[in-house]
Asker: 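So that we are looking at the same thing, I have put the structure below in structure tokens.
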Amino acid sequence: MSEAREALNFLEHIIEDDLENGYQKSQLRFRFPPEPNGYLHIGHASSICLNFGLGLKYGAPVNLRFDDTNPAKEETAYVEAIKKDVKWLGFSWDTERYASDYFQQLYDWAVQLIEGGKAYVDSQSSEEMAEQKGTPTEVGTNSPFRNRTVAENLALFSGMKKGDFEEGTHVLRAKIDMGAPNMLMRDPIMYRILNKAHHRTNTDWCIYPMYDWAHGESDYLEQVTHSLCTLEFLPHRELYDWFLDQIYEADKVRPKQREFARRNLSHTVVSKRKLLQLVENNVVNGWDDPRMPTISGLRRRGYTPESIVAFADTIGIAKRENLIDVSLLEFHVRDHLNKIAPRVMGVLNPLKLVITNYPEGKEEYVTAENNPGDSDAGFREVPFSRELYIEKEDFKEEANRKFFRLKLGGEVRLKNGYIIKAESCTKDTEGNIIEVQCTYDPKSKSGSGTEESLRKVKGTLHWVSISHAISAEVRLYDRLFTDESPDTHKDKDFMDFVNPDSLQVITAYVEPSLKNAKEQDRVQFQRMGYFCVDRDSTPDKLVFNKTVGLRDTWAKIAEKA
RNA sequence: UGGCCCAUGGUGUAAUUGGCAACACAGCUGGUUUUGGUCCAGUCGUUCUAGGUUCGAGUCCUAGUGGGCCAACCA
């Protein structure tokens with residue numbers, strides 16, 4: 001059997017090369033390293049799928065490491081939320097680590113650097129240091145403290161650790177090259193004084209390592225082989241390697257940082273800072289608002305983890321800039337929900353329909369298929385009566401041939417029920433249609449096997465029996481931003497593009513089988529879309545979120561006309 | 001006035017590493033359908049430009065063009 005060669009992304013090619021050049025497969029190790037300063041979003045999901053996917057592919061462990069080197073912004077609540085999201089996506093980490101686990105080791109290594117003349121304590125203000133840093137086109141100048149003696153540096157650094165100094169008075173810097181073309185190599189800061197309690201180490205420390213000093217060394221301590229991050233860290237790689245050079249021992253695995261392009265989703269923003277802004281300005285109702293591109297928001301919206309993983313697999317990973325259309329994400333959630341979501345009937349925008357020749361007071365049950373694509377899904381009974389609600393958009397007094405719905409004198413089938421014919425309608429004083437009167441063919445009942453029941457009519461409408469229906473709050477969502485790339489405009493702030501109509505709350509009428517629906521239950525309201533039960537739902541009041549609509553060919557036809 | 005990264009259909013990614021440019025989505029046509037859904041069949045369309053190396057270039061080289069990143073005691 002010949003097998004087509006599997007398509008690899010560029011990171012997999014790098015790993016395959018490493019495997020050929022001496023790495024043992026058993027040495028492979030990855031990590032997902034979020035900072036616990038916010039909630040994970042769809043971009044992180046992509047990174048999670050990448051790292052954990054690589055782990056699965058190569059049978060390699062993947063650590064979940066919290067990059068918690070800045071106590072000013074980090075909280076335990078975020079740690080818990082992040083763990084929940086990773087688990088929900090279906091991944092398991094090998095060990096749970098924290099950069100803060102390594103504070104002592106990092107400190108000891110820093111002392112070693114000082115002793116080797118590779119680091120010094122600078123006692124200038126940040127403004128002074130920024131000035132000496134130069135610009136991308138101009139070299140920097142050395143700090144007047146650059147040549148402090150080892151003894152002096154050691155004493156000062158130890159004083160910093162003991163809390164002898166105020167914040168901002170001293171920092172520890174690596175002694176590299178103020179003339180380096182790479183700005184990050186111009187004597188980068190390794191430690192700063194921060195009199196803040198850390199969510200894990202509390203007040204044990206008042207000096208904290210910077211990202212660059214902590215990250216690579218953490219990778220090294222965990223013996224991570226491939227440290228994957230986004231492209232904006234590319235210039236950090238030289239520094240990552242320089243720091244590793246200072247402590248690397250030849251018998252250990254030497255981690256390598258490699259960079260990939262961040263995935264950008266259209267009509268949203270994926271930046272913790274900007275998402276936080278949306279939350280703080282009450283543009284949305286919290287991090288898990290169903291309009292948010294956060295994993296918690298997508299979960300509440302009704303997305304399945306499977307659909308998010310499938311999305312991440314489809315878009316792949318590369319180094320070029322990208323803007324992925326959110327409709328691809330929507331495709332994947334439809335694709336999955338189509339397979340698993342039970343079909344039910346719900347009328348979102350009700351119009352009363354009276355069947356004039358149906359006996360008053362009569363009620364009967366019709367049999368409905370739970371999922372036409374899944375023969376194991378079974379059937380249920382739905383109550384039918386003389387007075388029903390249908391969708392307002394499904395009736396017009398007159399319409400052309402393309403309108404496969406109800407019009408005066410026209411026939412249509414009520415899903416799982418009877419064929420009806422619209423006879424007349426009633427309007428209010430403003431001319432709005434408020435009721436439609438129709439007649440039904442008693443012999444046309446679905447599944448009855450009669451000749452009439454087998455008749456083909458062009459349209460099929462969903463409906464609910466008014467006296468049996470349950471009213472429910474339904475939250476409809478539109479794109480959060482009107483622009484496909486709201487945060488890429490130089491002259492405008494992304495907040496200028498917030499869609500004022502991104503949330504619409506309506507009262508809908510749903511079939512009684514939904515009475516005991518539980519939070520997170522996902523259903524398809526036939527012909528309308530996929531919906532899930534929100535956590536605001538109570539036994540007395542059902543609340544649904546619209547996850548995504550069905551593919552809507554009719555909308556395109558209507559648009560053309 | 002510097003260094004580095006990137007460029008493949010409308011979108012996102014592939015291309016057996018120099019050998020017939022493919023997959024998914026979107027679009028369009030038709031078929032099936034008691035969801036204008038699903039499913040099925042078909043179809044449209046691509047290597048930024050100019051040189052060079054080569055029997056052969058999306059892939060290698062040079063130049064150009066376009067886009068991005070880099071001057072936080074953030075990560």
Side-chain angles (χ1 to χ4, degrees), chain A residues 4-9 13 33-35 37 67-70 72-74 122 125-126 129-131 133-140 167-173 180-184 186 189-194 207-208 210-212 214-215 229 231-238 259 261 263 266 272-273 313-325 327-328 330-332 334-335 338-339 343 345 368-369 371-373 402-405 412-417 419 446-447 453-454 456-462 524-529 549-558:
Chain A
R5 173 175 279 232
E6 190 191 357
L8 302 177
N9 65 44
H13 281 294
E35 182 188 12
N37 68 340
D67 230 330
D68 55 349
T69 56
N70 185 358
K73 297 204 280 183
E74 297 153 6
D122 199 334
S125 68
S126 57
M129 284 192 284
E131 215 162 293
K133 195 127 196 183
T135 69
T137 54
E138 285 170 73
V139 298
E167 277 187 19
T169 53
H170 305 280
V171 292
L172 184 72
R173 299 178 76 176
N182 182 347
M183 301 284 295
L184 284 153
R186 324 244 259 226
I189 293 172
M190 295 171 68
Y191 276 94
R192 76 285 212 191
I193 299 168
L194 247 30
I207 57 171
Y208 291 92
M210 299 288 286
Y211 166 84
D212 288 295
H215 201 96
C229 60
L231 232 31
E232 62 263 31
F233 288 96
L234 204 156
H236 293 249
R237 186 150 118 195
E238 191 180 359
E259 310 81 13
R263 322 307 323 203
S266 74
K272 278 188 202 166
R273 206 197 88 238
D313 287 347
T314 305
I315 62 179
I317 210 81
K319 291 179 84 168
R320 58 171 160 160
E321 242 189 287
N322 57 80
L323 181 62
I324 300 151
D325 201 302
S327 60
L328 184 59
E330 292 170 346
F331 161 78
H332 281 287
R334 272 191 207 108
D335 192 43
N338 176 49
K339 295 187 180 81
R343 272 57 171 173
M345 290 193 285
E369 200 174 14
N371 189 337
K402 283 183 181 167
F403 187 74
F404 305 161
R405 305 181 181 193
V412 89
R413 176 174 288 281
L414 293 175
K415 178 86 182 164
N416 306 126
I419 293 174
S446 294
S453 75
L454 268 16
K456 303 282 181 200
V457 286
K458 197 62 187 173
T460 303
L461 307 187
H462 62 280
Q524 182 196 95
F525 288 164
Q526 286 187 312
R527 304 209 301 134
M528 295 282 97
L550 259 26
R551 194 162 154 262
D552 194 352
T553 308
W554 166 242
K556 281 174 204 150
I557 296 167

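Fair warning: this is a prediction, and the values are worked out from it, not measured in the lab. Reckoned from all heavy atoms, side chains included, excluding hydrogens, waters and symmetry mates.
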Asker: Checking all strands, does A/Phe331 fall into the base, sugar-phosphate, or nothing category for heavy-atom contacts under 4.0 angstrom?
Answerer: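 Answer is sugar-phosphate: A/Phe331 comes under 4.0 Å of backbone atoms only.
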
Asker: Please pick, from B/U35, B/C70, B/C74, the nucleotide with the shortest atom-to-atom distance to any side-chain atom of A/Pro235.
Answerer: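 My answer, after comparing the listed nucleotides, is B/C70.
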
Asker: Need one value for A/His236: base, sugar-phosphate or nothing, where a base atom within 4.0 Å counts as base even if backbone is also close, heavy atoms only.
Answerer: base

Asker: Please tell me if A/Arg334 has a side-chain N or O lying less than 4.0 Å from either OP1 or OP2 of B/U38.
Answerer: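 No, because none of the side-chain N or O atoms of A/Arg334 sits under 4.0 Å from OP1 or OP2 of B/U38.
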
Asker: Does B/U34 have its OP1 or OP2 closer than 4.0 Å to a side-chain nitrogen or oxygen of A/Lys415?
Answerer: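 No, A/Lys415 has no side-chain N/O under 4.0 Å of OP1/OP2 on B/U34.
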
Asker: Using whole Å, report how far CD of A/Glu259 lies from P of B/C5.
Answerer: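 Distance, rounded to whole Å: 10 Å.
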
Asker: Under 4.0 Å, counting only non-hydrogen atoms across every strand here, what does A/Asn182 touch: a base, just sugar-phosphate, or nothing?
Answerer: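 Nothing, no nucleic acid heavy atom in range.
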
Asker: Parallel under 30°, tilted from 30 to 60°, perpendicular over 60°: which one fits the rings of A/Tyr211 and A/His236?
Answerer: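 Ring orientation, 0 to 90° scale: perpendicular.
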
Asker: Base, sugar-phosphate, or nothing: which does A/Leu234 touch, judged by heavy atoms less than 4.0 Å apart?
Answerer: sugar-phosphate

Asker: For B/G37, take OP1 and OP2 only and decide whether either is under 4.0 Å from a side-chain N or O of A/Thr553.
Answerer: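 So the side-chain polar atoms of A/Thr553 do come within 4.0 Å of the phosphate oxygens OP1 or OP2 of B/G37, strictly under.
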
Asker: With side chain to side chain contact (heavy atoms under 4.5 Å, CB included) as the test, pick out the partner of A/Gln524 among A/Met528, A/Gln526, A/Arg527.
Answerer: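 The residue from A/Met528, A/Gln526, A/Arg527 that satisfies side chain to side chain contact (heavy atoms under 4.5 Å, CB included) with A/Gln524 turns out to be A/Gln526.
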
Asker: Is A/Pro372 touching bases, backbone alone, or none of the nucleic acid, heavy atoms closer than 4.0 Å?
Answerer: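 The answer is base, as A/Pro372 lies within the cut-off (heavy atoms under 4.0 Å) of a base atom.
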
Asker: Using a heavy-atom cut-off of under 4.0 Å over every strand shown, decide if A/Lys456 touches base, sugar-phosphate, or nothing.
Answerer: sugar-phosphate

Asker: At under 4.0 Å between heavy atoms, what does A/Gly168 touch on the DNA or RNA strands: base, sugar-phosphate, or nothing?
Answerer: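 Here A/Gly168 touches the bases of the nucleic acid.
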
Asker: Is A/Glu369 side chain donor-acceptor paired with the B/U34 base, going by distance under 3.5 Å alone?
Answerer: no

Asker: Select base, sugar-phosphate, or nothing to describe what A/Leu323 touches, counting heavy atoms under 4.0 Å on all strands.
Answerer: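 A/Leu323: backbone/sugar contact only, no base atoms under 4.0 Å.
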
Asker: Over how many whole Å does the gap from A/Met528 atom CE to B/U38 atom P extend?
Answerer: 14 Å

Asker: Report which part of the nucleic acid A/Arg186 touches: base, sugar-phosphate, or nothing (heavy-atom distance under 4.0 Å, all strands).
Answerer: nothing

Asker: To the nearest 0.5 angstrom, please state how far the CD atom of A/Glu238 sits from the CE atom of A/Met183.
Answerer: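 Answer for the CD-CE pair, A/Glu238 versus A/Met183, is 13.0 Å.
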
Asker: Between A/Glu330 (CD) and B/G37 (C1'), how many Å, whole number?
Answerer: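 Those two atoms, CD and C1', are 15 Å apart.
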
Asker: Have a look at A/Phe525 and say if it touches a base, only the backbone sugar-phosphate, or nothing, with a 4.0 Å heavy-atom cut-off.
Answerer: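 A/Phe525: no heavy atom of the nucleic acid under 4.0 Å.
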
Asker: Whole-Å distance between B/G37 C1' and A/Asn416 CG?
Answerer: 14 Å

Asker: Using a cut-off of less than 4.0 Å, is there contact between a side-chain N or O of A/Arg527 and OP1 or OP2 of B/G36?
Answerer: yes

Asker: When you check the phosphate oxygens OP1 and OP2 of B/G36, does a side-chain N or O of A/Lys402 lie under 4.0 Å from one of them?
Answerer: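 For B/G36, neither OP1 nor OP2 has a side-chain N or O of A/Lys402 closer than 4.0 Å.
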
Asker: Taking only side-chain nitrogens and oxygens of A/Arg192, does any of them come within less than 4.0 Å of OP1 or OP2 of B/C74?
Answerer: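 Yes, within the criterion.
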
Asker: Give the nucleotide from the list B/G68, B/G36, B/U34 with an atom nearest to the side chain of A/Asp552.
Answerer: B/G36

Asker: Between P on B/U35 and CH2 on A/Trp554, what's the gap in Å once rounded to a whole number?
Answerer: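 Going from CH2 in A/Trp554 over to P in B/U35 covers 17 Å.
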
Asker: Counting any heavy atom closer than 4.0 Å, what does A/Tyr191 reach on the DNA or RNA strands: base, sugar-phosphate only, or nothing?
Answerer: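 Nothing: the residue A/Tyr191, judged by heavy atoms under 4.0 Å, touches no strand.
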
Asker: For a quick test of reading the model: is some side-chain N or O of A/Arg237 closer than 4.0 Å to OP1 or OP2 of B/C70?
Answerer: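 For B/C70, neither OP1 nor OP2 has a side-chain N or O of A/Arg237 closer than 4.0 Å.
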
Asker: Determine the contact category for A/Glu167: base if any of its heavy atoms lies under 4.0 Å from a base atom, sugar-phosphate if only primed atoms, P, OP1 or OP2 are that close, otherwise nothing.
Answerer: nothing

Asker: So, is A/Lys556 close to the B/G27 phosphate, meaning a side-chain N or O under 4.0 Å from OP1 or OP2?
Answerer: yes

Asker: Would you kindly give the NZ-to-P distance between A/Lys133 and B/G3, to the nearest whole Å?
Answerer: 19 Å

Asker: Looking at B/A15, I'd like to know if its phosphate oxygens (OP1 or OP2) sit under 4.0 Å from a side-chain N or O belonging to A/His13.
Answerer: yes

Asker: For A/Leu184 and B/C73, give me the distance from atom CG to atom P, rounded to whole Å.
Answerer: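 My rounded result for the distance is 11 Å.
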
Asker: Please classify the glycosidic conformation of B/U47 as syn (within 90° of 0) or anti (everything else).
Answerer: anti

Asker: Counting only side-chain N and O atoms of A/Arg551, is one of them less than 4.0 Å from OP1 or OP2 of B/G36?
Answerer: no

Asker: Less than 4.5 Å apart, side chain to side chain, heavy atoms only: is that true for A/Glu35 and A/Glu74?
Answerer: yes

Asker: Salt bridge or not between A/Lys556 and A/Asp552? Use side-chain N to carboxylate O under 4.0 Å.
Answerer: no

Asker: Would you kindly compare A/Pro136 and A/Asp68 by the position of their nearest RNA chain B nucleotide and give the one closer to the 5′ end?
Answerer: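 Going by which nucleotide is closer to the 5' end, it is A/Pro136.
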
Asker: Would you check if A/Met129 and A/Val171 make a side-chain contact, meaning some heavy-atom pair closer than 4.5 Å?
Answerer: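 A/Met129 vs A/Val171: side chains touch.
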
Asker: For B/A75, take OP1 and OP2 only and decide whether either is under 4.0 Å from a side-chain N or O of A/Thr69.
Answerer: yes

Asker: Need one value for A/Gly529: base, sugar-phosphate or nothing, where a base atom within 4.0 Å counts as base even if backbone is also close, heavy atoms only.
Answerer: nothing

Asker: What is the separation between atom CG on A/Leu414 and atom P on B/U35, rounded to the nearest whole Å?
Answerer: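 Rounded to whole Å, this separation is 13 Å.
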
